[in-house]
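Read the structure below first, then the notes.
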There are 2 protein chains.
Amino acid sequence: MPVWETLGRRYLWQSQWYNLRQDRVRTAAGHEFTYTLVEHPGAVWVVPVTSDGQVVLIWSYRYPVGEYCLEVPAGGLSDGMPPEGTARRELLEEIGGQPAAIQYVGRFSTSNGISSEIAYVYLATGVELSQTHRELTEDMELRLVPVAEAILMARSGEISDGPSALALLWCEPLLPRVR
Amino acid sequence: MPVWETLGRRYLWQSQWYNLRQDRVRTAAGHEFTYTLVEHPGAVWVVPVTSDGQVVLIWSYRYPVGEYCLEVPAGGLSDGMPPEGTARRELLEEIGGQPAAIQYVGRFSTSNGISSEIAYVYLATGVELSQTHRELTEDMELRLVPVAEAILMARSGEISDGPSALALLWCEPLLPRVR
């Protein structure tokens with residue numbers, strides 16, 4: 001299938017987390033227009049499961065939506081670190097978690113009409129919890145729930161972070177205690 | 001739980017689809033810093049099912065990720081139109097679809113660390129297809145797949161748009177032909 005052509009590019013805003021980029025584009029059909037998008041390095045969402053079958057969720061204040069939200073550990077790629085390394089770093093930083101094993105589950109785009117962000121999903125099993133290394137801006141606490149309950153929470157919207165809910169549902173067939 | 005306080009606000013960029021907003025904020029713990037976020041009016045994702053049990057998917061070029069993506073009809077809220085009205089509009093515009101019934105399934109945030117966007121999920125059943133009214137910038141075609149296959153595609157990542165995949169998995173228990 002034909003792709004669109006980029007005729008020009010400029011940055012409206014740049015940061016260490018993401019940029020706002022404005023491109024002049026030509027569609028496959030030859031139409032020209034300006035497309036403004038979030039240029040994002042990608043991010044990981046990690047489903048952490050302890051050896052006794054509990055999913056470790058984070059109850060965290062999310063300023064953009066003005067609410068405390070339930071989610072799994074997540075964070076943006078940076079410094080050329082590959083997704084699995086980022087997944088291990090976020091586990092350690094956000095929940096003080098050390099996994100016995102970590103596996104790649106899949107990838108999806110979080111907002112493909114606006115942002116280039118790709119979400120990489122990992123399942124971390126045999127997770128041991130220790131002291132966390134939280135970032136200054138994160139108001140959060142941990143909630144441990146049985147795997148089957150976490151899946152129900154992902155289906156009901158109680159886990160309101162969409163990428164976290166999808167990551168959990170993608171991990172469902174890999175979790176022996178669910179059914 | 002305490003929320004964060006907004007001390008100041010300015011817009012770095014504004015459009016009819018979304019804005020880039022920069023706020024000065026104070027956390028519950030008293031830390032002050034600058035938070036830059038996408039201010040979004042919200043959007044709908046609609047799972048359209050025909051009377052013979054086919055899900056209507058869109059194969060569409062998404063410039064931000066540089067790929068053709070499989071997804072369900074979706075679109076941003078605008079002009080004060082409520083989510084259900086927007087869902088009906090997107091069905092008509094993107095697939096030329098008229099539903100016999102439409103029901104609200106739930107809501108989630110698409111990217112709660114960066115964006116205020118809330119996704120409203122609808123299930124449209126008994127959908128009849130007619131001529132579409134596509135927007136100029138949308139290179140797309142339609143794919144009809146049986147409900148059970150669409151669910152598998154949402155689980156496997158073949159439907160690469162995360163919100164579409166989650167919308168389908170949320171609709172799964174409401175679709176009698178799945179199992």
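Scope of the values below: all heavy atoms of this structure, side chains included, with no hydrogens, waters or symmetry mates. Letters A, B, ... mirror the listed sequences (proteins, then strands); counts begin at 1. Note that the coordinates shown come from a computational prediction; the quantities given were computed from them, not determined experimentally.
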Tell me whether [Y] is reachable from [X] by hopping between hydrophobic residues (I, L, V, M, F, W, Y) whose side-chain heavy atoms are closer than 4.5 Å.
| X | Y | result |
| --- | --- | --- |
| A:Tyr104 | A:Leu91 | yes |
| A:Leu7 | A:Phe33 | no |
| B:Leu77 | B:Met81 | no |
| A:Leu168 | B:Leu152 | no |

Requested in this report: Considering only heavy atoms, give the residues of residues 117-127 of chain B separated from chain A by less than 4.5 Å, sorted numerically, with 'none' for an empty result.
Outcome: B:Glu117, B:Ile118
If only atom types and distance count, is the side chain of [X] paired as donor or acceptor with the main-chain N or O of [Y] below 3.5 Å?
| X | Y | value |
| --- | --- | --- |
| A:Trp170 | B:Ala154 | yes |
| A:Trp17 | B:Thr36 | no |
| B:Ser109 | A:Ser160 | yes |

Report summary line: In terms of heavy-atom pairs under 4.5 Å with chain A, the winner among B:Ser115, B:Ser111, B:Gly106, B:Ser156 is B:Ser115
Got [X] and [Y] here, is their nearest side-chain heavy-atom distance under 4.5 Å?
| X | Y | answer |
| --- | --- | --- |
| B:Tyr18 | A:Ile114 | yes |
| B:Tyr35 | A:Pro64 | yes |
| A:Leu166 | B:Leu169 | yes |

In residues 69-76 of chain B, what donor-acceptor pairs under 3.5 Å come from side-chain atoms, sequence neighbours left out?
unit_1  : atom_1 : unit_2   : atom_2 : d
B:Glu71 : OE1    : A:Asn112 : ND2    : 3.1
B:Glu71 : OE1    : B:Arg62  : NE     : 3.4
B:Glu71 : OE2    : B:Arg62  : NE     : 3.0
B:Glu71 : OE2    : B:Arg62  : NH2    : 2.5

Query raised in the report: Please walk me through it: do B:Tyr61 and A:Val3 pass side-chain contact (heavy atoms from CB on, under 4.5 Å)?
Result: CA-CA 7 Å; B:Tyr61 188 71; A:Val3 301; 3.5 Å; yes
**Report entry** Partner chain B: residue of A:Ala28, A:Ala165, A:Gly113, A:Ser15 with the largest heavy-atom pair count (under 4.5 Å)
**Finding:** A:Gly113
**Report entry** Residue-level interface, residues 38-49 of chain A with chain B, non-hydrogen cut-off under 4.5 Å
**Finding:** A:Val38, A:His40
Report task. Answer with side chain, backbone, both or neither: which region of B:Leu12 has an atom nearer than 4.5 Å to a non-hydrogen atom of chain A? Result -> side chain
Query raised in the report: For A:Arg9, which residues count as a side chain to side chain contact (heavy atoms under 4.5 Å, CB included) partner, sequence neighbours excluded?
Result: A:Thr6, A:Tyr11, A:Arg21, A:Asp23, B:Tyr63
Report task. To the nearest 0.5 angstrom, please state how far the CH2 atom of B:Trp13 sits from the CH2 atom of A:Trp13. Result -> 14.0 Å
